[in-house]
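Values below: all heavy atoms of this structure, side chains included; hydrogens, waters and symmetry mates excluded.
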Amino acid sequence: MYIVKVGGGAAVNLAGVADDLASVDAPCVVVLGANAVRDDLAARLGASTRTLTSVSGYTSVFSDETALDVIMMAYSGLRSKRFVELCQRRGVNAVGLSGIDGRLVQGERNRGIRVREGGKTLIRRDFSGKPRSANAGLLRTLLDGGYTPVLTIPITDEKGCAINSENDDIVNVLQAALGVERIVQLIEAPGFLDDPADPGSVVAAMSKIELERREAQVEGRMKRKMLALRRLFETGAAEVIIGDGRVEHPIRAALSGAGTVIR
């Protein structure tokens with residue numbers, strides 16, 4: 001079994017991902033991003049996306065009630081259903097679900113994000129949180145029935161309320177719940193870049209021991225991604241492949257060794 005995390009950038013080749021799912025020789029759980037769709041939709045609705053940077057240097061989307069409405073429309077609506085359509089046209093019996101459906105991903109709402117604004121440390125509270133567990137029984141029922149689950153945010157908090165969360169963290173709880181050893185992450189780059197400005201600086205292989213050093217090297221959202229990668233190996237992952245989601249066959253290329261392989 002594989003977990004395939006598909007980035008939400010506009011250049012990701014969703015049709016190519018769907019093509020590859022039709023030929024992969026193992027069941028897959030897809031975690032689908034939609035940040036480009038979200039930002040475009042938010043701009044058209046006059047509700048532009050706002051990001052926060054915590055005092056520890058990690059960035060996240062500020063999720064008030066309006067932002068959460070846009071997330072539902074973009075992720076579990078437009079992006080999910082269009083991708084499921086692509087899968088169905090290729091014979092992949094995909095099912096689009098958000099984390100709140102069947103409490104598929106259960107989380108804990110943040111008590112607040114500590115940020116620096118105007119020279120002061122402030123607490124910003126919103127509808128966001130950390131995933132803590134996944135409904136493995138529901139996922140296995142779908143997988144055993146020949147379905148391909150396609151998961152998006154939002155997830156549910158302790159009281160059943162919808163909250164935003166990070167897909168990297170969602171992958172972590174899915175991996176722990178299902179015992180998946182191999183994870184493919186598709187992004188808008190050839191792999192992990194030693195120099196973010198140089199597409200030719202792909203790091204072909206990386207050990208889990210090296211991840212902590214790499215985390216200190218990067219900033220913003222990539223810093224959060226590297227932390228999530230470290231945690232994947234702490235919960236039992238054996239291999240993570242960071243591949244280029246823009247190529248003709250993103251999954252096949254990643255499984256063939258293109259990109260960055262972390263063991």
Would you kindly confirm whether L229 and M206 end up in one hydrophobic cluster when ILVMFWY residues are joined by side chain heavy atoms under 4.5 Å apart?
yes

Which atom pair, heavy atoms only, marks the closest approach of R124 to F62?
CB-CE1, 4.3 Å

Taking every non-hydrogen atom, the tightest pair across V12 and V6
CG1-CG1, 3.7 Å

Output the rest of the hydrophobic cluster of V247: all Ile, Leu, Val, Met, Phe, Trp and Tyr residues reachable through side-chain heavy-atom contacts under 4.5 Å, sorted by chain and number.
none

V4, V240: one ILVMFWY side-chain cluster at the under-4.5 Å cut-off?
no

In the structure I gave you, are the side-chain heavy atoms of L45 and M73 within less than 4.5 Å of one another anywhere?
yes

Determine whether a donor-acceptor pair (N or O, by modelled atom type, separation under 3.5 Å) exists between the side chain of S201 and the backbone of D198.
yes

Without swapping roles, check the side chain of N93 against the backbone of G146 for a donor-acceptor pair under 3.5 Å.
no

So, do I251 and Y2 sit near enough that their side-chain heavy atoms are less than 4.5 Å apart?
no

Taking atom CZ of R50 as the centre, report whether more than 12 heavy atoms of other residues, nucleotides or ligands fall under 6.0 Å from it.
yes

Would you compute the distance between atom CD of E85 and atom CG of L14 and round it to the nearest 0.5 angstrom?
11.5 Å

Using modelled atom types and a 3.5 Å cut-off, is there a donor and acceptor pairing between side-chain atoms of N135 and backbone atoms of L104?
no

Supply the atom-to-atom distance L21 CG to F83 CZ, rounded to the nearest 0.5 angstrom.
5.0 Å

Full working for salt bridge (charged side-chain N to carboxylate O under 4.0 Å, His left out) between K5 and D168:
CA-CA 8 Å; K5 177 179 173 288; D168 290 298; 3.6 Å; yes

Return the OG to CD distance between S128 and E166, rounded to the nearest 0.5 Å.
8.5 Å

Surrounding CD of Q88 (heavy atoms of other residues, nucleotides or ligands, distance under 6.0 Å), is the total greater than 12?
yes

Keeping E188 on the side-chain end and A11 on the backbone end, is there a donor-acceptor pair under 3.5 Å?
yes

Please examine the side chains of L68 and E65, heavy atoms only from C-beta on, and report whether any two atoms are closer than 4.5 Å.
no

Mind checking whether L97 and V84 sit in one hydrophobic cluster, side chains of I, L, V, M, F, W, Y counted as touching below 4.5 Å?
no

Quick one: does E181's side chain have a donor or acceptor within less than 3.5 Å of a partner on A238's backbone?
no

Quick check: is L232 connected to L178 through a chain of hydrophobic side chains (ILVMFWY, heavy atoms under 4.5 Å apart)?
yes

Closest heavy-atom contact between Q175 and I183?
CG-CD1, 3.8 Å

Go through K130 and E108 one step at a time and tell me if the salt bridge (charged side-chain N to carboxylate O under 4.0 Å, His left out) criterion holds.
CA-CA 5 Å; K130 297 286 188 185; E108 179 181 354; over 6 Å; no

Which donor-acceptor pairs under 3.5 Å do side chains of residues 152-161 form with protein atoms, sequence neighbours excluded?
from, atom 1, to, atom 2, distance (Å)
D157, OD1, K159, N, 2.9
D157, OD1, G160, N, 3.1
D157, OD1, C161, N, 2.8
E158, OE1, R109, N, 3.3

Rounding to 0.5 Å, atoms CD (E239) and CG (L255) come to a distance of 8.5 Å

Begin with the C-alpha distance, continue with both residues' side-chain angles, and end with the deciding distance and a verdict on side chain to side chain contact (heavy atoms under 4.5 Å, CB included) for N110 and R125.
CA-CA 7 Å; N110 290 333; R125 293 182 172 84; over 6 Å; no

Do I241 and R182 have side chains that get closer than 4.5 Å, going by heavy atoms?
yes

Expected output: side-chain R90 to main-chain L86 donor-acceptor under 3.5 Å
yes

Short side-chain donor-acceptor distance under 3.5 Å, D101 and S98:
yes

Minimum heavy-atom distance D20-P250, with the two atoms named:
OD2-N, 3.1 Å

Side-chain atoms of residues 190-197: list all donor-acceptor pairs with protein atoms under 3.5 Å, sequence neighbours left out, distances to 0.1 Å.
from, atom 1, to, atom 2, distance (Å)
D194, OD1, R214, NH1, 2.6
D195, OD1, A197, N, 3.0

To the closest 0.5 Å, what do you measure between CD1 (I163) and OG (S63)?
9.5 Å

Give me the one residue out of V92, V29, V30, V31 that meets side-chain contact (heavy atoms from CB on, under 4.5 Å) with V150.
V30

Can you confirm whether R246 is buried at CZ, in the sense that more than 12 heavy atoms of other residues, nucleotides or ligands lie under 6.0 Å from that atom?
yes

From L174 atom CG to I3 atom CD1, the distance as rounded to the nearest 0.5 Å
5.0 Å

Under the side chain to side chain contact (heavy atoms under 4.5 Å, CB included) rule, what do N164 and F127 come out as? Steps first, then yes or no, please.
CA-CA 6 Å; N164 188 13; F127 295 97; over 6 Å; no

Using a 4.5 Å cut-off on heavy atoms from C-beta on, say whether the side chain of C87 contacts that of T148.
no

Would a single hydrophobic cluster contain both L186 and V171, if residues Ile, Leu, Val, Met, Phe, Trp and Tyr are joined by side-chain heavy-atom contacts under 4.5 Å?
no

Check whether any side-chain heavy atom of L32 sits under 4.5 Å from a side-chain heavy atom of Y75, and report yes or no.
no

Smallest separation among heavy atoms of P131 and V173, with atom names
O-CG1, 3.6 Å

Taking all heavy atoms of G243 and all of A254, pick out the closest pair and write down the distance.
CA-CB, 4.4 Å

